[in-house]
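The chains referred to below are lettered A, B, ... by the order of the sequence lines, with proteins before strands, and numbering in each begins at 1.
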Amino acid sequence: MKTQSVRGTRDFYPNDMALRNWLFERWRAASRRAGFVEVDGPVLEPLDLYIEKSGPEIAEQLYWLEDKGGRRLALRPEFTPTLARMIAARQAALPTPIRWFNISRCFRYERAQKGRLREFYQWNVDLIGLDEFYADAECISVAVDAIQDMGLTPDDVEVRISDRRLLGALVHKYVGVAEKLIPRVFAILDKRDKVATDTLAAMLNDAGLKNEERQRLERILAFENLSDFDSIGVVREPADTLKHLFDLLADYGIADWCRFDIGVVRGLAYYTGPVWEVYDRKSEFRAIFGGGRYDRLLADVGGRPMPACGFACGDAVLGLLLKARGLGPAAQRAAQYFVASAQEGKRSDVLLVVRHLRRRNRATQFDLKGGSLKRQMKKAADAGAQFVAIVTAEFAESRRVTLRDMDSGEQRDVALEELGA
RNA sequence: GUGAGCGUAGCUCAGUUGGUUAGAGCACCUGGUUGUGGUCCAGGGGGUCGGGGGUUCAAAUCCCCUCGCUCACCCCA
């Protein structure tokens, strides 16, 4: 039987696994540095958990099955609903603010593309119970911390930040679009970078915007600085709030990573405040991070209303970007030490040295098949060993081995007790 | 769901308008004279050219079908 991996899934060979672990280590470290603790939930959740949040069409875009009891279950496509469910279940007992992070394996039934797979990992950081923009800034700083730790710079990536309330006020109060049309206009604006200017105009026209409304909208979409809004009185409040957020980001020392971008809308309906995305500067890849404030989600899953914000970051796009920039883990060494025998077939002395090194917590290999010293040296090099301890016939008497430094080629005699110290 | 491109060795690919036993680089294995790897030299294994059908004296090459992969659109939590 010829087997191959399922479409949109990946096999993690040693180098791939090394990259994945390297990434996870940085995600965890950045989370913990900011005082977040790790949680996790089941990969299987009731299908309804996602249908309630996103509508019945969502079932087309996720993996789901009926279990033997007739329950409809889904492989989680994201972690946020699980998080909301977990918080709602213990809401009264959890001290706020809640600072949780999670690394989850997620599944989405979509056509795979560059940076988009059917099985992937996602890092989630959520800060729940704070309704001020302090929480948003804290989350953004965690994201930047991780990016920085991976070796990326402000020349490589930027955080593009906007605010749903600002955009909503502009579209409704300044441009004059009816409130019930706002979601549709947001959806069109989200495509701003993808379609030509006249196509966008046609879409807005179809949505029912008059010429003058469109012109006003186009004018504000060209704004690149928050101060551009100073002349528009009706958006004073949300614009000021966003300015405070940027001031705070400057205090965090990450102002050069962040930029106001009115075009950041996010497709999802549940965002209620600041929204942001991390992109590579060249826009070569799709978004690396996406986040924002979602103050209504807890209530939507049946909990007490609680303000919340957070972000998610997938491993696929990040992996592509790191590869393009030559970043990632150094080549893996399977073993630090390799114990070789100069006397073919005599393994007891070799094993004695091996046990000694392993007890000292040194990654140690030896040639299980024995063979010529030449062969053993080659295996040592293949394993990436830094040192080879050669056990000779004199070992039984002297308790000393010949230690070869594989980088320099230098050799010296070392007593067993000093080996691996 | 729509559209485009691509499937030749483990990997990356070459293969002229169809023409003998299908190639290269890397990787792998063996050897370079009785303890020593990475370099170098020599040799070697490995391919029903994604699968099926057709055209032809002759198909990796042309045609049809099929499977798979990739990219873009839709969607994007």
Please table the atom pairs, donor to acceptor, closer than 3.5 Å between any side-chain atom in residues 298-305 of chain A and protein atoms at least two apart or in another chain.
none

Solution key, residues 321-340 of chain A side-chain donor-acceptor pairs under 3.5 Å, sequence neighbours excluded:
residue, atom, partner, partner atom, Å
A:Arg325, NE, A:Asp156, OD1, 3.1
A:Gln332, NE2, A:Pro14, O, 3.3
A:Arg333, NH1, A:Gly384, O, 2.2

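For A:Arg72, there are no side-chain hydrogen bond (donor to acceptor under 3.5 Å, both in side chains) partners at least two apart in sequence or on another chain. Every side-chain hydrogen bond (donor to acceptor under 3.5 Å, both in side chains) that A:Arg219 has, sequence neighbours left out, goes to A:Tyr174. Among residues two or more places apart in sequence or in another chain, the side-chain hydrogen bond (donor to acceptor under 3.5 Å, both in side chains) test is passed with A:Tyr121 by A:Arg20, A:Arg105. Applying the side-chain contact (heavy atoms from CB on, under 4.5 Å) test to A:Asp413 and every residue at least two apart in sequence or in another chain returns A:Arg400, A:Thr402. Residues that satisfy the side-chain hydrogen bond (donor to acceptor under 3.5 Å, both in side chains) test with A:Arg111, not counting sequence neighbours, are absent from this structure.
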How does protein contact run along nucleotides 1-8 of chain B, one letter per nucleotide 5' to 3', with B for base contact, S for sugar-phosphate only, - for none, heavy atoms under 4.0 Å? BB------

Under 4.0 Å protein heavy-atom contact, by nucleotide of nucleotides 30-39 of chain B - B base, S sugar-phosphate only: -----BBBB-

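With respect to A:Trp276, the ring-ring contact (aromatic ring centres under 6.0 Å, His included) criterion is satisfied by exactly one of A:Tyr271, A:Phe311, A:Phe260: A:Phe311.
A gap of 14 Å separates the P atoms of B:rA58 and B:rG19, to the nearest Å.
Phosphate proximity of B:rA72 to A:Gln113: present, with a side-chain N or O under 4.0 Å from OP1 or OP2.
The interatomic distance linking A:Leu117 (CG) with B:rC76 (P) rounds to 19 Å, in whole Å.
Applying the 90° criterion around 0 to the glycosidic angle, B:rG35 comes out syn.
Between A:Pro77 and A:Val6, the residue anchored closer to the 5' end of RNA chain B is A:Val6, taking for each the nucleotide with the nearest heavy atom.
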